[in-house]
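These notes are about the structure you will find just below.
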Amino acid sequence: MNSGFKVENTCSKTEGRTGHIFTSRGAVATPIFLPVGSQASVKSLTPEDLRMIGTTMVLSNTYHLYLRPGVEVIEKLGGLHNFMAWDGPILTDSGGYQVFSLMPLRRVTDSGVVFRSHIDGGEHFFSPELVIQLQEKLGSDIIMPLDECSPYTVDSKVVLEAMRRTHLWAERCQRSHHRPDQELYAIIQGGTFPEMRRESAGFLTSLDFSGYAIGGLSLGEPKEVTLAVLEETVLHLPKNKPRYLMGVGTPCDIISAVAAGVDMFDCVIPTRNARNGSIFTSVGVVRIRNAQYEIDFSPLDPNCICYTCQNFTRAYLRHLYKENEILAHRLHTLHNLHFYLSLMRGIRSSIVDGSFYKLKDDISQLFIKGQNVGVKG
């Protein structure tokens, strides 16, 4: 199977690398961050907004779209790209994580998972084959198999059984996938057990998927455990296929994972934090609700060229937030995603020019110790 991926530059001091993922809707530069639009919408933003800030691929979620409006509705309207008016590449998650977070509203067997909707309690069934069929109808460019994600705190026997089932389902997903214009990635599981991660990577890479996602991390384990498991897992993944760390994370998480050799990221942190008034800037995190910004007529981020920073003051943004104006959510989200996408551009440039290790240290200092660096747009 064609990987649709090319590595172009590598960092001399870390495992960081740049490249391109090739899809039927064009090439995207890596490392890449995918804004999360679970329900065919990145909250408060239009597709034009996303293009304006440099978005090249978005993520949507099969579970949510299956429940509402229904995959058949989207298919009748020409597929997910037409439905949400986004002409760039789309990655759809299988919805496995959402289903497995519904404890105790689910029952799992080798056949699949029976679950109750978080919306109305109605009972539904996902099999590996159905999840692929749904994503083929959606028409997304990169699709994910059904997997079983085990909680951080469970016994190793539970993790081992979830990994076994994930492997079984991956084979069934691969057999049922027929659209040549879609790339199917596998998902590595194994909890925080290095030997299971090695086994999962070995089994799934033998099946030659188009790319490899690393699932089941950032579920409550300490940061140092996350990084150690990630580094161990990446060692056993092919160099000529993209590596995707699912659901991670903060700027520090991302840059550490890039250093470990990861190419793709998605996370709700920039959009969710934006709605909660927590803003990522080149001078640290700004919590816009704080009283110190009431008469602060400076831009949100002095080093940013996004629409929000070029047009509005911290005082105005604080006013909007305190009054619960919808515009606050929109302007904060525009900025936070612009910050993340600018960070990814900076990471790619720094790997090419040899300054990645310094950038990694600067970002760590900024968001761990609160010191100032200039991450420019």
Side-chain angles (χ1 to χ4, degrees), residues 31-36 42-45 49-56 223 248-259 265-350 355-377:
I32 182 177
F33 181 84
L34 285 67
V36 174
V42 177
K43 292 187 187 301
S44 80
L45 301 188
D49 293 330
L50 295 173
R51 283 186 281 268
M52 179 179 66
I53 60 176
T55 305
T56 51
K223 292 284 188 182
V248 177
T250 67
C252 289
D253 293 334
I254 288 174
I255 206 160
S256 294
V258 169
F265 303 88
D266 79 273
C267 191
V268 298
I269 283 178
T271 49
R272 179 177 292 168
N273 283 23
R275 297 193 301 276
N276 294 330
S278 184
I279 318 299
F280 294 97
T281 80
S282 63
V283 293
V285 175
V286 170
R287 291 175 175 83
I288 202 66
R289 68 175 68 86
N290 290 354
Q292 72 192 81
Y293 303 120
E294 183 176 8
I295 55 171
D296 186 340
F297 299 115
S298 62
L300 186 57
D301 185 340
N303 296 311
C304 183
I305 61 170
C306 81
Y307 174 80
T308 302
C309 292
Q310 293 298 300
N311 290 280
F312 304 101
T313 66
R314 292 178 176 183
Y316 180 66
L317 294 170
R318 180 180 185 272
H319 160 71
L320 294 178
Y321 182 80
K322 294 289 285 185
E323 295 302 319
N324 199 30
E325 288 286 345
I326 294 173
L327 184 57
H329 297 174
R330 174 172 165 76
L331 294 177
H332 295 168
T333 301
L334 268 173
H335 170 79
N336 267 3
L337 283 178
H338 184 274
F339 180 88
Y340 264 62
L341 296 171
S342 295
L343 174 62
M344 302 314 292
R345 287 191 290 269
I347 287 172
R348 293 193 296 267
S349 296
S350 70
S355 62
F356 173 71
Y357 198 79
K358 181 181 183 305
L359 178 62
K360 179 178 181 296
D361 184 62
D362 288 345
I363 292 295
S364 298
Q365 292 291 321
L366 174 64
F367 290 105
I368 293 175
K369 298 181 180 178
Q371 297 179 8
N372 177 32
V373 302
V375 181
K376 297 185 178 179

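Here the closest non-hydrogen pair linking Ala259 and Lys360 is CB-CE, 3.7 Å. Heavy-atom minimum distance, Gly249 versus Ile269: C-CD1, 3.7 Å. Minimum interatomic distance between Arg275 and Lys43 (heavy atoms only, all atoms of both residues): NH1-CD, 3.3 Å. When all heavy atoms are compared, the tightest approach of Ile32 to Thr56 is CD1-OG1, 3.3 Å. Listed here is the closest heavy atom pair of Phe33 and Pro270: CZ-CG, 3.7 Å. Pairing each heavy atom of Thr281 with each of Leu366, the nearest pair is O-CD2, 3.7 Å.
A side-chain contact (heavy atoms from CB on, under 4.5 Å) with Asp49 holds for exactly one of Leu334, Val42, Thr333; it is Leu334. Tested against Tyr293 for a side-chain contact (heavy atoms from CB on, under 4.5 Å), the candidates Arg314, His319, Lys322 yield a single pass: Arg314.
Atom CD1 of Ile279 and atom CZ of Arg289 lie 9.5 Å apart (nearest 0.5 Å). Between the CG atom of Leu300 and the OG atom of Ser282 there is a distance of 9.5 Å, given to the nearest 0.5 Å. In this structure, Ile255 CD1 and Leu359 CG are separated by 4.0 Å, a value rounded to the nearest 0.5 Å. A distance of 10.5 Å separates CD1 in Ile363 from OG in Ser256, rounded to the nearest 0.5 Å. Rounding to the nearest 0.5 Å gives a distance of 7.0 Å between CG of Leu50 and CG of Leu337. Atom OH of residue Tyr340 and atom CD1 of residue Ile254 lie 5.0 Å apart, to the nearest 0.5 angstrom.
Checked by atom type and distance alone, the side chain of Glu325 never pairs as donor or acceptor with a backbone atom of Leu317 at under 3.5 Å. A distance-only check finds no donor-acceptor pair linking the side chain of Arg287 to the backbone of Gly277 [under 3.5 Å]. At distances below 3.5 Å, at least one donor-acceptor pair connects side-chain atoms of Ser350 with backbone N or O atoms of Ile347. A side-chain donor-acceptor contact under 3.5 Å links Thr308 to the backbone of Leu331.
With salt bridges taken as basic N to acidic carboxylate O contacts below 4.0 Å, none links Arg318 and Asp296.
Side-chain N/O atoms of Asn276 and Ser278 include no donor and acceptor closer than 3.5 Å. Looking only at atom types and distance, the side chain of Ser342 has a donor-acceptor partner in the side chain of Arg345 under 3.5 Å away.
Phe312 CZ: more than 12 foreign heavy atoms inside a 6.0 Å radius. Shown here is Glu294, whose CD atom has no more than 12 heavy atoms of other residues, nucleotides or ligands within 6.0 Å.
Within the 4.5 Å cutoff, no side-chain heavy atoms of His329 are placed close to those of Leu45.
A ring-centre distance under 6.0 Å is not found for Tyr316 and Phe297.
Ring geometry for Phe339 against Phe280 counts as parallel: the plane angle stays under 30°, on a 0 to 90° scale with 60° as the upper cut.
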